[in-house]
Amino acid sequence: MKLMEWQGKELFRRAGIPTPRGEVVRDPEDAAAFVAANPGSWVLKSQVLMGGRGKAGGIKFADDPNQARALAGELIGKVLKNEQNPDGERVGALLIEEKVAIESEAYVSIAIDRAAKKPIVMLTAQGGMDVEEVAARDPGAIAKYWIDPAIGFSPFIARRLAFAANFPAGFHKALPGVIGGLYRVFMDYGANLVEINPLVLTKDGAVIASDAKVELDDNGLFRHPELQAWKTEGPVDDDQAAAIATGLGLSNYAKLDGDIGVIANGAGLGMGTMDAIRNAGGAAANFLDIGGGAQAELVKKSYNLVVSDPRVKAMFINIFGGITRGDQVAKGIVEALAGDDVRKVPLVVRLTGTNEKEGRAILAAAKMNPVETMDEGARRVVEMARGGVFP
Ligand code: GDP
Ligand code: MN
């Protein structure tokens with residue numbers, strides 16, 4: 001789960017990392033009211049998961065309530081785009097934060113280094129820009145340290161890193177606290193990544209996390225049920241919102257370039273199905289994983305989601321039943337096709353595994369004949385997409 005900036009900063013504050021004071025608003029009037037109640041200079045920051053908001057026009061400055069209202073009105077609802085995110089991301093909320101006078105911008109992060117099987121701390125004094133850019137242009141400017149989780153992170157390491165990365169002197173005293181706090185967030189919340197870019201040294205000599213990027217490992221989320229509420233913050237574009245409305249997770253549905261709809265159970269089978277379609281000379285219009293143990297209702301809704309894409313000319317439903325029961329899947333398919341309100345496309349079904357017989361019987365009663373193998377199914381669905389032949 002990727003966190004919005006304001007959520008990441010909430011975790012930072014819990015770990016004692018200084019952040020600017022601020023407030024989350026979802027309405028231009030609230031932005032105006034906040035600035036009216038707190039006179040001063042404020043930054044309006046679009047809350048989206050994509051990076052590079054500054055360059056994409058998602059960060060504005062306001063000095064009075066009217067300006068705050070006007071800029072918030074511009075930003076809320078706007079779709080921010082940049083090279084990495086050509087589809088863009090709609091702004092739902094703004095974080096209004098005290099504008100600080102920047103003396104210097106640095107970069108600090110902790111991530112999992114999968115090769116070393118350890119958390120890696122990275123620092124560079126060249127903050128505020130893409131760290132990949134720094135890595136490409138000036139790799140020596142990045143100081144690295146691999147943390148042994150059995151030992152933890154010691155303040156003296158932070159001091160050593162501050163020197164290694166040539167941090168301006170103003171950073172040095174605060175750095176052990178910042179990295180120590182970052183490591184606590186990393187471990188306590190089971191993160192894959194915690195990043196502060198920029199870590200700001202202000203003209204007044206304070207060191208503040210001006211931005212926050214936090215990615216949590218979904219497998220560890222059960223340890224923090226209080227963070228469940230943040231999951232609803234997830235959908236970042238129309239497709240993801242549609243996936244959530246369908247009852248799927250954000251990583252269970254993705255649109256692709258082809259014209260053959262795909263529904264499978266399990267991400268691996270979904271990808272295998274896309275490959276089989278590719279090998280048969282076709283191209284998948286989407287990836288959709290109904291997950292384990294899906295009930296008829298989810299199958300039906302997933303069918304509707306896939307055919308709601310007008311490019312889809314034919315569909316391949318590929319189920320290998322383990323915890324997913326074939327009869328539930330078959331029931332969902334039959335129910336989906338029973339509705340008059342749903343677009344019907346030529347459909348190929350492969351159904352093996354748990355309750356396969358029962359599932360096939362349900363399909364047979366509806367005059368559908370499932371195929372035996374994935375490759376056979378892929379060949380047939382590609383033919384159907386080309387010719388539009390109904391089975
Ligand atoms: P990102 O572009 O999505 O990474 O968003 P950031 O939160 O990193 O902000 C981008 C840039 O906006 C920063 O690098 C700063 O240059 C600028 N910025 C953000 N907050 C402030 C602030 O309080 N004061 C000043 N002067 N600039 C800021
Ligand atoms: Mn940033």
Side-chain angles (χ1 to χ4, degrees), residues 87 237-326 328-337 342-353 356 359 363 368-391:
D87 291 342
D237 60 27
D238 291 347
D239 292 341
Q240 294 197 335
I244 297 273
T246 301
L248 297 166
L250 283 178
S251 53
N252 289 54
Y253 176 67
K255 269 195 184 157
L256 301 164
D257 292 335
D259 57 7
I260 296 173
V262 170
I263 295 178
N265 65 316
L269 188 62
M271 290 188 273
T273 308
M274 284 155 30
D275 283 351
I277 290 170
R278 175 69 70 186
N279 286 342
N286 71 280
F287 164 88
L288 193 156
D289 165 19
I290 54 172
Q295 298 294 303
E297 182 65 17
L298 180 62
V299 176
K300 179 181 162 186
K301 284 186 168 170
S302 297
Y303 177 92
N304 287 342
L305 173 63
V306 172
V307 294
S308 71
D309 178 352
R311 301 170 310 158
V312 171
K313 291 202 197 118
M315 195 193 303
F316 188 8
I317 300 182
N318 189 6
I319 303 299
F320 188 89
I323 22 176
T324 305
R325 289 166 38 192
Q328 283 293 325
V329 173
K331 205 167 147 237
I333 296 170
V334 172
E335 280 171 11
L337 293 174
V342 62
R343 186 165 79 90
K344 296 185 182 69
V345 295
L347 173 67
V348 176
V349 181
R350 172 188 175 239
L351 198 61
T352 51
E356 170 182 338
L363 291 176
M368 280 186 269
N369 286 312
V371 295
E372 293 292 332
T373 71
M374 174 147 75
D375 286 337
E376 186 193 343
R379 273 196 303 277
R380 285 187 57 172
V381 79
V382 170
E383 273 167 31
M384 285 170 176
R386 285 198 186 125
V389 194
F390 227 94

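Residues: numbered from 1 along the sequence shown.
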Side chain to side chain, Ile333 and Leu347, heavy atoms closer than 4.5 Å: yes
Heavy-atom pair with the smallest gap, counting every atom of Tyr253 and Ala243: CB-CB, 3.9 Å
Over all atoms of both residues, closest heavy-atom pair of Asp259 and Ala385: OD1-CB, 4.2 Å
Side chain to side chain donor-acceptor pair (under 3.5 Å) pairs, two or more places apart, involving residues 292-310: Asp309-Arg311
Side chain to side chain, Leu337 and Met368, heavy atoms closer than 4.5 Å: yes
Whether Arg343 side chain and Val312 backbone form a donor-acceptor pair below 3.5 Å: yes
Trace of the side-chain contact (heavy atoms from CB on, under 4.5 Å) decision for Ile263 with Val329: CA-CA 11 Å; Ile263 295 178; Val329 173; over 6 Å; no
Side chains of Arg380 and Phe316 in contact at under 4.5 Å (non-hydrogen atoms): no
Backbone N/O of Val262 and side chain of Asn286: donor-acceptor pair under 3.5 Å: yes
Nearest atoms (heavy-atom pairs only) where Gly291 meets Asn252: N-ND2, 4.3 Å
For Thr373 against Arg350, the heavy-atom pair lying closest together: C-CD, 3.6 Å
Sequence neighbours excluded, every pair satisfying side chain to side chain donor-acceptor pair (under 3.5 Å) that has a member inside residues 269-282: Thr273-Asn318
Arg386 to Ala280 - nearest heavy-atom pair and separation: NH2-O, 4.4 Å
Separation of Ile290 CD1 from Leu269 CG (nearest 0.5 Å): 9.5 Å
Polar side-chain atom of Asn265 near backbone of Gly292 as donor-acceptor pair, under 3.5 Å: no
Close side-chain approach of Val299 to Gln328, heavy-atom, < 4.5 Å: no
Heavy-atom side-chain proximity of Leu248 to Leu298 below 4.5 angstrom: yes
Nearest-0.5 Å distance that lies between atom CE in Met315 and atom CD1 in Ile260: 11.5 Å
Heavy-atom pair of closest approach, residues Gly261 and Ala285: N-CB, 4.3 Å
Contact check, side chains of Asn369 and Leu363, non-hydrogen atoms, under 4.5 Å: no
